[in-house]
Amino acid sequence: MKVIYSNGVADQCPEELELEVIRHSAAHIMAQAIKRLFPDAKFAYGPATEKGFYYDVDLGDKKLADGDLAAIEDEMRKIVKENLPIKPFILPRDEAVKLMEDNGEIYKVEHIADLGIDEPISFFKQGDYVDMCRGPHLTYTKALKAFKLTGTSGAYWKNDSNNKMLTRIYGTAFASVPELEEHLKMLEEAKLRDHNKIGRELEYFTTVDVIGQGLPIMLPKGARAIQLLQRFVEDEEQKRGYLLTKTPLMAKRELYKISGHWDHYLDGMFVLGDPNDEEKECFALRPMTCPFQYQVFLNKMRSYRDLPMRLGETSTLFRNEDSGEMHGLIRVRQFTISEGHLVLRPEQLEEEFRGCLELAKFMLETVGLGDDVTYRFSQWDPERKDKYEGTEEQWNEAQELMGKILDNLGIDYSIGIDEAAFYGPKLDIQIKNVHGKEDTLITIQIDMLLAKKFGMEYVDVDGEKKTPYIIHRTSLGCYERTLALLLEKFAGAMPLWLSPEQIRVIPISERLRDEAMEVTDKLSAAGFRVSCDDRNEKMGYRIREAQLEKIPYMLIIGDKEVENGTVSVRQRGGVDLGSMTLDEFIAMARDEVATKKIK
């Protein structure tokens, strides 16, 4: 595939860049189509992405109506058919600014002001449309073979809620029509698996406008699923030597000043009171639990014999996320997390880090997400020292030590610069939702700084007082996010041990209600979450409804089953397991729960 660079040189495109060039060119063609249909439109950013492309557009008072995307797409096809040459040119800064001002492109003018003073400013022109861009691009518009506009959303200019809300128009493009069709098929599957759709339809959670964005209501099914995950985590942590704590949901600003959160994280906190009035008490809801759990260690003088001290807590946290970042249960403003802090001697660091990682892997594999994650070694950016606590020597020591630990453990990781916590480097366990958006699910952090700030000391073997190291970690991460990912992974068909309702008993007629209730009571006594559907509806309707609700097992009770002392067992996928005694079914189901099988 031939492309043209900003210096005017046309050459073969490296294979690994082809898709990016196609999509970036598609964004320009889309912008030209928008300009033809909406002459007053002004453009901000229009990058290629991993899944396609988008352009942020200021349409003034105009709102896109039904059919506008199709109209833009049709105009794009016309531009492709016109086979316009795509030509680059470079301008000095003052001429570039004048060109964008003449074209009314106020966002491009502001963008130029953000560029380095000596940076060349390149443009690409196709027909009567000119766009500021580094390139490269396709050489002619006809080279764009397969594209589709996929949706819209709002987006603040420069991702700042103080700026104007723009219209973000999404699309995707591929080298061929079959590739595009395959991708669109995957997008449809993703929509069907989106936890925002499944979770609401299956009544796991809801949201209410008067409560607020990012504050979901967990309905009984969702609350039960999170309770099951929480019990699993807390029981497993207890087996591994964790001490359970319970700490307040808020604290005075003085606590956050000691930890550094007041200086580095204030914008992400919900503050109760005037943060600038030092004469009055000011509180803040906690965005993390670390400074609270440190008080457990500080409750009395500690010896080396007390270490490692592994503290675990099911913590409710609050973070003031931007409204544009909210998404179902994946990114919320109040959430619950399996948070823990390990206070330890320096020589215990590698062993305890390994234990945290083994616990995280065990949790992920058990719930079925073990094969879906990647690992990122998140480091500081030495160019942004104001963002981080500590000296360059301390950071180099911490990162070198963590790198050796990860290499010794054989972890295949990428490096994320400027992704560290303000007090230390971390291993982030990353996962993507069905739409390809990546988030951190679990994190394990090395902290050599905060213990000293809180005056945490222990008496070592030699009788000297020393400052411990700390590991901040989660074992399963945010429960709400984990539930969202599990709903998407299993398309709502949760494993038996995690299903809010595990079994539904269905008598073939109302006259067998008593027998069905007897079976239901025995299953409940055996520890299963079970209901009986004895409504005066056709059996096929009730079975179908149970399948749509993703109930793992349906037990059918008919005259033959009552006579033989058996139950007829069906799975939600439509598989008929035939008849078996109730005791046989209970033994089978108990084994499935005990081993946490994933089918």
Side-chain angles (χ1 to χ4, degrees), residues 225-226 228-244 308 310-315 330 335-342 344 348-379 401-416 419-421 424-433 438-447 469-490 494-495 497-498 593-599:
I226 285 180
L228 292 164
L229 288 169
Q230 179 181 326
R231 286 175 174 174
F232 166 54
V233 169
E234 290 180 350
D235 289 347
E236 187 61 36
E237 287 183 343
Q238 183 174 340
K239 293 176 188 175
R240 298 182 187 227
Y242 281 79
L243 304 173
L244 186 65
R310 306 183 188 102
L311 302 174
E313 180 167 338
T314 301
S315 304
I330 285 182
F335 57 94
T336 312
I337 193 169
S338 56
E339 195 164 13
H341 298 87
L342 290 76
L344 42 95
Q348 296 169 327
L349 182 61
E350 182 165 354
E351 181 181 353
E352 291 302 313
F353 192 97
R354 178 188 289 107
C356 292
L357 183 56
E358 287 174 350
L359 175 59
K361 284 185 170 182
F362 171 75
M363 292 291 175
L364 290 169
E365 289 166 2
T366 302
V367 301
L369 298 174
D371 295 332
D372 303 327
V373 298
T374 57
Y375 298 88
R376 183 181 71 195
F377 180 8
S378 295
Q379 304 180 2
L401 183 56
M402 187 168 179
K404 286 180 179 178
I405 291 173
L406 295 176
D407 292 339
N408 289 343
L409 296 176
I411 301 300
D412 182 15
Y413 59 84
S414 62
I415 291 178
E419 296 289 349
K426 56 195 174 94
L427 177 67
D428 288 324
I429 302 180
Q430 304 290 106
I431 194 166
K432 293 181 179 179
N433 65 14
E438 184 175 83
D439 283 294
T440 300
L441 184 58
I442 294 173
T443 184
I444 307 171
Q445 308 170 5
I446 292 178
D447 174 9
Y469 285 176
I470 298 173
I471 295 176
H472 305 238
R473 48 100 276 179
T474 53
S475 51
L476 192 57
C478 168
Y479 287 110
E480 289 83 358
R481 182 173 293 175
T482 299
L483 176 58
L485 293 163
L486 291 174
L487 286 170
E488 294 182 350
K489 171 85 173 184
F490 300 117
M494 302 287 270
W497 73 278
L498 267 178
V593 170
T595 57
K596 295 181 170 58
K597 285 182 182 176
I598 296 173
K599 295 185 177 181

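Nothing fancy with the numbering, it's 1 onward along the sequence.
For R231, the side chain to side chain donor-acceptor pair (under 3.5 Å) test picks out no residue, with sequence neighbours left out. Residues satisfying the side chain to side chain contact (heavy atoms under 4.5 Å, CB included) test with C478, not counting sequence neighbours, are F335, E480, R481. In this structure F232 satisfies the ring pair (Phe, Tyr, Trp, His ring centres under 6.0 Å) test together with W497, sequence neighbours excluded. Applying the side chain to side chain donor-acceptor pair (under 3.5 Å) rule to T474 yields no partners; only residues at least two apart in sequence or on another chain are considered. Judged as a side chain to side chain donor-acceptor pair (under 3.5 Å), and not counting sequence neighbours, T482 has no contacts. Under the rule for a salt bridge (charged side-chain N to carboxylate O under 4.0 Å, His left out), the partners of E419 that lie at least two apart in sequence or sit in another chain are R376. Partners of K432 by side chain to side chain donor-acceptor pair (under 3.5 Å), not counting sequence neighbours, listed by chain and number: E50. For Q238, there are no side chain to side chain contact (heavy atoms under 4.5 Å, CB included) partners at least two apart in sequence or on another chain. Annotation: salt bridge (charged side-chain N to carboxylate O under 4.0 Å, His left out) contacts of E236 (sequence neighbours excluded): K239, R240. Evaluation of the side chain to side chain contact (heavy atoms under 4.5 Å, CB included) rule for L228 yields R224, L498, R529 as partners, not counting sequence neighbours. Not counting sequence neighbours, K596 has no partner by the salt bridge (charged side-chain N to carboxylate O under 4.0 Å, His left out) test. In this view, F377 and Y413 satisfy the ring pair (Phe, Tyr, Trp, His ring centres under 6.0 Å) rule, not counting sequence neighbours.
The side-chain heavy atoms of Y375 and I429, taken from C-beta on, include a pair separated by under 4.5 Å. Contact annotation: the side chain of L359 approaches that of E237 to within less than 4.5 Å [non-hydrogen atoms, C-beta and beyond]. L342 has its side chain within reach of Y242: a pair of non-hydrogen atoms, C-beta onward, lies under 4.5 Å apart. Between L441 and L364 the shortest side-chain heavy-atom distance falls below 4.5 Å.
Heavy-atom contacts from other residues, nucleotides or ligands closer than 6.0 Å to CD of E351 number 12 or fewer. By the 6.0 Å contact criterion, CG on D235 is enclosed, its count of non-hydrogen atoms from other residues, nucleotides or ligands being greater than 12.
Across all their heavy atoms, L483 and A225 have their closest contact at CD1-CB, 3.9 Å. Closest approach of A421 and K426 over heavy atoms only: N-CE, 3.6 Å. Among all heavy-atom pairs drawn from S378 and A420, the shortest one is O-CB, 3.6 Å. When all heavy atoms are compared, the tightest approach of S475 to V233 is OG-CG1, 3.3 Å.
Between E352 and R310 there is a salt bridge, with a side-chain nitrogen of the basic residue lying less than 4.0 Å from a carboxylate oxygen of the acidic one.
Only one option out of I470, L427, I405 pairs with I446 in a side chain to side chain contact (heavy atoms under 4.5 Å, CB included); it is I405. The side chain to side chain donor-acceptor pair (under 3.5 Å) test with Q430 singles out one residue from T374, T440, D439, T443, and that residue is T440.
Taking CG from L401 and CG from L349, the interatomic distance works out to 5.0 Å, rounded to the nearest 0.5 Å. Annotation: the span from I444 atom CD1 to H472 atom NE2 amounts to 12.5 Å, rounded to 0.5 Å. For the atom pair OG1 (T336) and CG (L229), the distance works out to 11.0 Å, reported to the nearest 0.5 Å.
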Checklist entry - Should V373 and I442 be marked as a side-chain contact (heavy atoms from CB on, under 4.5 Å) after you check the CA-CA gap, both sets of side-chain angles, and the distance that decides it? => result CA-CA 10 Å; V373 298; I442 294 173; over 6 Å; no

